[in-house]
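Letters go in sequence order (proteins before strands), and every chain restarts at 1.
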Number of protein chains: 4
Amino acid sequence: MDFGTVKRYLEKEGKEDEPTKIDRLPYKFFDPFIIHGLRTDLVEPGRILCSFNVPARLLNTANTLHGGAIASLIDLVGSAVILTAGAPTTGVSVEINVSYLDAALLNEEIEIEAKALRVGKAIAVVAVELRKKGTGKIIAQGRHTKYLPVTSKL
Amino acid sequence: MDFGTVKRYLEKEGKEDEPTKIDRLPYKFFDPFIIHGLRTDLVEPGRILCSFNVPARLLNTANTLHGGAIASLIDLVGSAVILTAGAPTTGVSVEINVSYLDAALLNEEIEIEAKALRVGKAIAVVAVELRKKGTGKIIAQGRHTKYLPVTSKL
Amino acid sequence: MDFGTVKRYLEKEGKEDEPTKIDRLPYKFFDPFIIHGLRTDLVEPGRILCSFNVPARLLNTANTLHGGAIASLIDLVGSAVILTAGAPTTGVSVEINVSYLDAALLNEEIEIEAKALRVGKAIAVVAVELRKKGTGKIIAQGRHTKYLPVTSKL
Amino acid sequence: MDFGTVKRYLEKEGKEDEPTKIDRLPYKFFDPFIIHGLRTDLVEPGRILCSFNVPARLLNTANTLHGGAIASLIDLVGSAVILTAGAPTTGVSVEINVSYLDAALLNEEIEIEAKALRVGKAIAVVAVELRKKGTGKIIAQGRHTKYLPVTSKL
């Protein structure tokens, strides 16, 4: 595999005017880009349940929900569940891990469940699972560890 | 933390016409969205070195490179390095993990180094590190495990 | 921290005649050393539930169940659950990860639950949780990924 | 796979008088059991290099260094390297992960290298690699995250 092939693989620019479009995307576009379309179905202390239809924009080259998008959904819904467990902030990411178990296809309806495993004074650990809504089959399971910096209480 | 607050946290729609813009994004936009601007500096068997300037679109609410974007960069550059080690495909994701060690700021120049730890007949494992280009300080380090399905050789 | 201090920290030999005792331990003593005392309470396809009283031998210097012992229990019970899901072997370890959430004390009764998340033709992924039996509080949660080599069926 | 088979798999008692021997093992035997025979070759700030000959006691049923023993070595040498980076304690385990890349055989000489990726006020992250001494081939690579509780400085 020569330099040119890898360069082309990595520096794929999208079609036509995509590079220009991407350059014009606004600050902090990442969160809405990932999460647009997510519906929050249930919130209780230490647990969140959401629904999501796999959108075209988040597909990978194999036409399934991108592994990076799955990791990002775990990051985002996992951060939110820390708030439901009483922490004042969602904290700073320390570690994330994801096992990919099944593919999610375009327009497939999935559910995302986040559970707080531990929300302590300094460390929060959450588990997040993505499942196919029809069958309950697990698409991915991950854990996210965050550091909760001490916040002054003025 | 009540339902409404978590719902607003998770269903943030971006400003003004962002929701409409996001709905119009094309198929498989994820890869170019993440990787646009990446420069491939070095490719050798089992190793890739890239440069990247942290773009505004990939910032999180704390104005640093988003953890989900870091995981996605590790996924993408990690997949490419499998090709340099002689595998016919980049395979299917089995597991990814990331430790977040330092923040990367807007426009900061970072380097991304991917190394193939093992590329076997069925399993490939790569390590990817993001560093500040000036000081070499590590921003994140992760590993990505992929399954290489047997491909028929017609 | 000088060389001597770290050397003493790492090369702790145990008391009195322990070094000699350890040298005399038999082949493949690791499994029985970890698992001695484990009781299998429930086995169903894709799920195992065990009980375990934290033994003195597996304590760390803080007098709680050693993190390495917890990882080893996850490895062992996680491997067994692959068999219950119909795989012919427990496979070869690819990856393991563990989040440590709470301490387990000497003689504390814990339960260990292993679930098969996916047992495919080539890859098996299991999740294992250690909980305090009285309260259900989670001590540790981990996932174990194994490769199932193709076995000829003569 | 019926209950009895899994029970026998998990509750393997070792041969002859092993169960009795195991019951008699002393408090906190885990550390010396794993680490006996380790030689510390190099200690510098943020880095430790050790040598180890794979002992019979740490073999698995496939006659290679047990995955649980590898995780335990990563835990132990990884904790020691935190001390070399100036932390007053080795902290409390938050997360560990290991990729298994190659088998280590009985009496094989391996080297274990631990590097501190970050030792902050509250969080320490280290990377540990096990390699075959002759060829440098990687046996396993892992990261260990620890929480460093604030210690009063009397």
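Listed here is the closest heavy atom pair of Thr61(A) and Lys28(B): O-NZ, 3.5 Å. The two residues Glu95(B) and Ser99(A) have their closest heavy-atom pair at CG-OG, 3.8 Å.
Heavy-atom pairs under 4.5 Å with chain A were tallied for Asp23(B), Val77(B), Ile34(B), Thr64(B); the largest tally goes to Asp23(B). Contact count versus chain A (heavy atoms, under 4.5 Å) is highest, among Val98(B), Leu101(B), Ile35(B), Asn97(B), for Val98(B). With chain A as partner, the option from Ile96(B), Leu59(B), Leu25(B) having the largest number of non-hydrogen pairs under 4.5 angstrom is Ile96(B).
Of the two parts of Asp102(A), neither the backbone nor the side chain holds a non-hydrogen atom closer than 4.5 Å to a non-hydrogen atom of chain B. Of the atoms belonging to Ala69(B), heavy atoms from both backbone and side chain fall under 4.5 Å from chain A. For a residue to count as touching a neighbouring chain, one of its non-hydrogen atoms must lie under 4.5 Å from one of that chain's; by this rule Leu106(B) touches chain A with the side chain only. Looking at Val81(A), neither its backbone nor its side chain comes within 4.5 Å of chain B, counting heavy atoms on both sides. Looking at Val94(B), only its backbone comes within 4.5 Å of chain A, counting heavy atoms on both sides. The part of Leu42(A) that comes within reach of chain B is its backbone (N, CA, C, O), which places non-hydrogen atoms under 4.5 angstrom from that chain. The part of Ile48(B) that comes within reach of chain A is its side chain, from C-beta onward, which places non-hydrogen atoms under 4.5 angstrom from that chain. Of the atoms belonging to Thr90(B), it is side-chain heavy atoms, and not backbone ones, that fall under 4.5 Å from chain A. For Ile74(B), no part sits under 4.5 Å from any heavy atom of chain A, backbone or side chain. Heavy-atom distances place no part of Pro55(B) under 4.5 Å from chain A, backbone and side chain included. Residue contact with chain A, scored on non-hydrogen atoms closer than 4.5 Å, involves the side chain of Asp75(B) exclusively.
The aromatic rings of Phe30(A) and Phe33(B) sit parallel to each other, their planes meeting at less than 30°, with 60° as the upper class boundary.
To the nearest 0.5 Å, the span separating CG on Leu58(B) from CZ on Phe29(A) amounts to 10.5 Å. We find the OH-CG distance between Tyr27(B) and Asn63(A) to be 8.0 Å, quoted to the nearest 0.5 Å.
Taking 4.5 Å as the limit, every side-chain heavy atom of Leu10(B) sits out of range of all side-chain heavy atoms of Arg39(A). The closest side-chain heavy-atom distance from Thr40(B) to Glu11(A) is below 4.5 Å. Side-chain contact check for Thr5(B) versus Leu83(A): every heavy-atom pair is 4.5 Å or farther apart.
Within a 6.0 Å radius of NZ in Lys133(A), more than 12 heavy atoms belonging to other residues, nucleotides or ligands are found.
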Decide yes or no on side-chain contact (heavy atoms from CB on, under 4.5 Å) for Asp31(B) and Tyr9(A), but give the supporting numbers first.
CA-CA 10 Å; Asp31(B) 273 2; Tyr9(A) 176 86; 5.9 Å; no
